[in-house]
Amino acid sequence: MQPAPVTTAPQQRALDAALELVGQQGVGATSLGLVARHAAISRATLYRAFPGGRDQLFVQLGQREVSAILAAVGTAIDQADDLEAAVAGALHTAAQRVQSHAALRYVLAHEPHLAVPFLGFTEMDRLLRVVRRALAPRLARFLDDGAAEWAAEWVARLFLSTLVNPTAEFDLSDRAVCDRLVQRYVGPAFVTSRLTATTDLVPTV
Amino acid sequence: MTASARRAHDEDEPGDVRSRILGAAVAEAGRTGLGRLRVDEVARRAGVARATVYRHFPGGRDQLAAEAVTWEVARYFTNLVRLLDGVDDLPDRLEQGLLRGRTLLAEHRVFQKVVDTEPERLLPHLSQSAPLVQAAMRDHLRPYLERARLQPGVDAEEAAEWLARNILSFLVATGGWDLDNPGEVRRLVRDNLLAGIVEPGRPGGNGAAM
């Protein structure tokens, strides 16, 4: 997956229309004709906007939506005061975004074959790379570079794990769950890579 | 073997026949791919009648493909657990599990072929069995957690689920880690996955290493 390319106005309209249609009826039932009608643009305009046809439209839509989720997650990290809050906020925001994303939810529930390639092996590695690239710079406020990359990847792994296998103990749409998990299992891993040099303030035992 | 003799033989040990069919389906998937799996080819390889395959798998090819993947996943983890025999210290077991688990995958010719050529067919089956695999791994890890020196307040059940989720994630994608490097796996397990779980300081966490 590449970073979403700059979209033109007709592309934007078509993508918005496709997003709505997918939320109602899935990718399989969303033809280009339907997208054109829903976006109130001509088929010729639509084909000019997406010379690669339907495949290009859906690939671009996927990239745009992943970028939007990552942007929201990045904002959550920026608003946090410390590393634990940043990681917990990132997990919680990603879970909430997916939960309120009609198109993504439709695909996960009814067209899982379109989503599962991202849940393992080559495509998952690619997705982890995209997430590292997007989130590591935001986490660099709290951690040195290598640790920030790993923290970003860890967020993605945990999130994907709960997407494949949701359980009540790991319900990331509950902020308290995110806080508890991060404080217990994630925070302690970064004790030595934190940037804020507070060692001299910590009383020695 | 005549058809009737074959049937009589099949019915002697239904579990054995079932495994033979599933094993044949895995081997066939390695040859033709999951998408081109054919019941008659699987039957021939397993040495049973086509009707026998349908008796065990009434759903035909699709059911056969789905169950063959699940069966092979179970076999993979059985093999992995066998390789870990005697590795009873929690951090060691996680490290060795990751290292050997990755090696087993790399050496699995059928898996490598299917994952390279038709991941979109394999992953739906894998993601369907993922909750079961994760629960099995959680239950498997729990006794090792209970024997380890845990940090105050750690819930063994939840920590077992945490570890199972992480290990599964690393088995299906290495991300930024070099999991062929034992030193890196050691750092991943001890300094990261277990950082909030076992007491630091003593090698092995429970003081019983080697």
Side-chain angles (χ1 to χ4, degrees), chain A residues 84 108 111-133 135-136 145-172 177 180-193, chain B residues 105 111-112 114-135 137-138 150-155 157-177 179 184 187-200:
Chain A
E84 271 93 348
L108 288 169
E111 300 177 311
H113 59 283
L114 296 175
V116 286
F118 299 98
L119 305 179
F121 313 114
T122 314
E123 289 300 318
M124 175 166 161
D125 267 325
R126 204 171 294 173
L127 185 59
L128 292 178
R129 238 183 345 262
V130 169
V131 175
R132 280 201 304 268
R133 210 174 295 144
L135 300 186
D145 290 352
E149 291 251 329
W150 160 227
E153 180 182 313
W154 216 355
V155 165
R157 286 181 180 280
L158 295 174
F159 176 72
L160 290 174
S161 165
T162 62
L163 207 58
V164 180
N165 189 11
T167 59
E169 294 77 12
F170 285 74
D171 176 8
L172 301 180
V177 168
R180 178 172 55 77
L181 292 174
V182 169
Q183 279 159 24
R184 163 57 67 190
Y185 302 108
V186 179
F190 294 103
V191 172
T192 53
S193 351
Chain B
L105 274 186
F111 168 78
Q112 289 302 338
V114 172
V115 87
D116 278 349
T117 55
E118 39 179 8
E120 74 289 351
R121 283 186 200 281
L122 178 63
L123 278 153
H125 296 310
L126 287 183
S127 65
Q128 252 164 26
S129 54
L132 276 175
V133 170
Q134 185 183 295
M137 194 182 286
R138 180 199 62 208
L150 300 181
Q151 293 176 24
V154 171
D155 174 66
E157 177 81 9
E158 185 191 85
E161 184 177 336
W162 161 263
L163 291 172
R165 284 182 181 280
N166 276 278
I167 297 292
L168 276 180
S169 176
F170 278 100
L171 284 177
V172 295
T174 53
W177 293 80
L179 298 184
E184 207 158 308
R187 200 162 62 78
L188 171 64
V189 167
R190 291 175 199 257
D191 300 346
N192 291 280
L193 304 186
L194 288 173
I197 298 175
V198 297
E199 285 290 2

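In the text below, chain A, chain B and the rest are named by the order of the sequence lines, each starting its count at 1. Everything numeric in this text was worked out from a predicted model, so none of it was measured.
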Proximal component of [X], with respect to chain B [non-hydrogen, under 4.5 Å]:
X	value
Arg132(A)	side chain
Leu160(A)	neither
Glu149(A)	neither
Leu181(A)	side chain

(message) Side chains of Asn192(B) and Trp154(A): any donor to acceptor distance under 3.5 Å?
(response)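 Note: Trp154(A) and Asn192(B) side chains miss the donor-acceptor criterion.
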
(message) Checking Arg138(B) against Thr167(A): is there a side-chain donor and acceptor pair closer than 3.5 Å?
(response)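 Distance-only check fails for Thr167(A) and Arg138(B).
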
(message) For Asp171(A), I'd like to know if atom CG has over 12 heavy atoms of other residues, nucleotides or ligands within 6.0 Å.
(response)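 Yes, enclosed.
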
Chain A heavy atoms under 4.5 Å from [X]: which part of the residue, side chain, backbone, both or neither?
X	result
Asn166(B)	side chain
Pro119(B)	neither
Leu188(B)	side chain
Ala135(B)	neither

Residue, of [options], that accumulates the most heavy atom pairs under 4.5 Å with chain A:
options	value
Ser127(B), Ala173(B), Ala195(B), Ala159(B)	Ala173(B)
Leu126(B), Thr174(B), Leu194(B)	Thr174(B)
Glu120(B), Glu158(B), Glu157(B)	Glu158(B)
Val154(B), Leu122(B), Asp116(B)	Val154(B)

Side-chain donor or acceptor of [X] paired with backbone N/O of [Y] under 3.5 Å:
X	Y	value
Arg165(B)	Arg157(A)	no
Arg184(A)	Gly153(B)	yes
Glu153(A)	Gly176(B)	yes

(message) Please find the pair of heavy atoms, one from Ala136(A) and one from Ala148(A), that lie closest to each other, and give the distance.
(response)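 Closest pair (atom of Ala136(A), atom of Ala148(A), distance): O-CB, 3.6 Å.
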
(request) Specify the closest pair of heavy atoms between Ala168(A) and Val177(A), including all atoms of both residues, with the distance to one decimal. (result)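 Closest pair (atom of Ala168(A), atom of Val177(A), distance): O-CG2, 4.5 Å.
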
(request) May I ask you to decide if the ring planes of Trp150(A) and Trp177(B) are parallel, tilted or perpendicular, using 30° and 60° as cut-offs? (result)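 Answer is perpendicular, since the angle exceeds 60°.
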
(message) If you count heavy-atom pairs within less than 4.5 Å of chain B, which of Val164(A), Leu158(A), Thr122(A) leads?
(response)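 Maximum pair count with chain B is reached by Leu158(A).
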
(request) Go through Pro166(A), Pro117(A), Ala115(A), Ser161(A) and name the one with the most non-hydrogen pairs under 4.5 angstrom from chain B. (result)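 When all of Pro166(A), Pro117(A), Ala115(A), Ser161(A) are compared, Ser161(A) has the most.
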
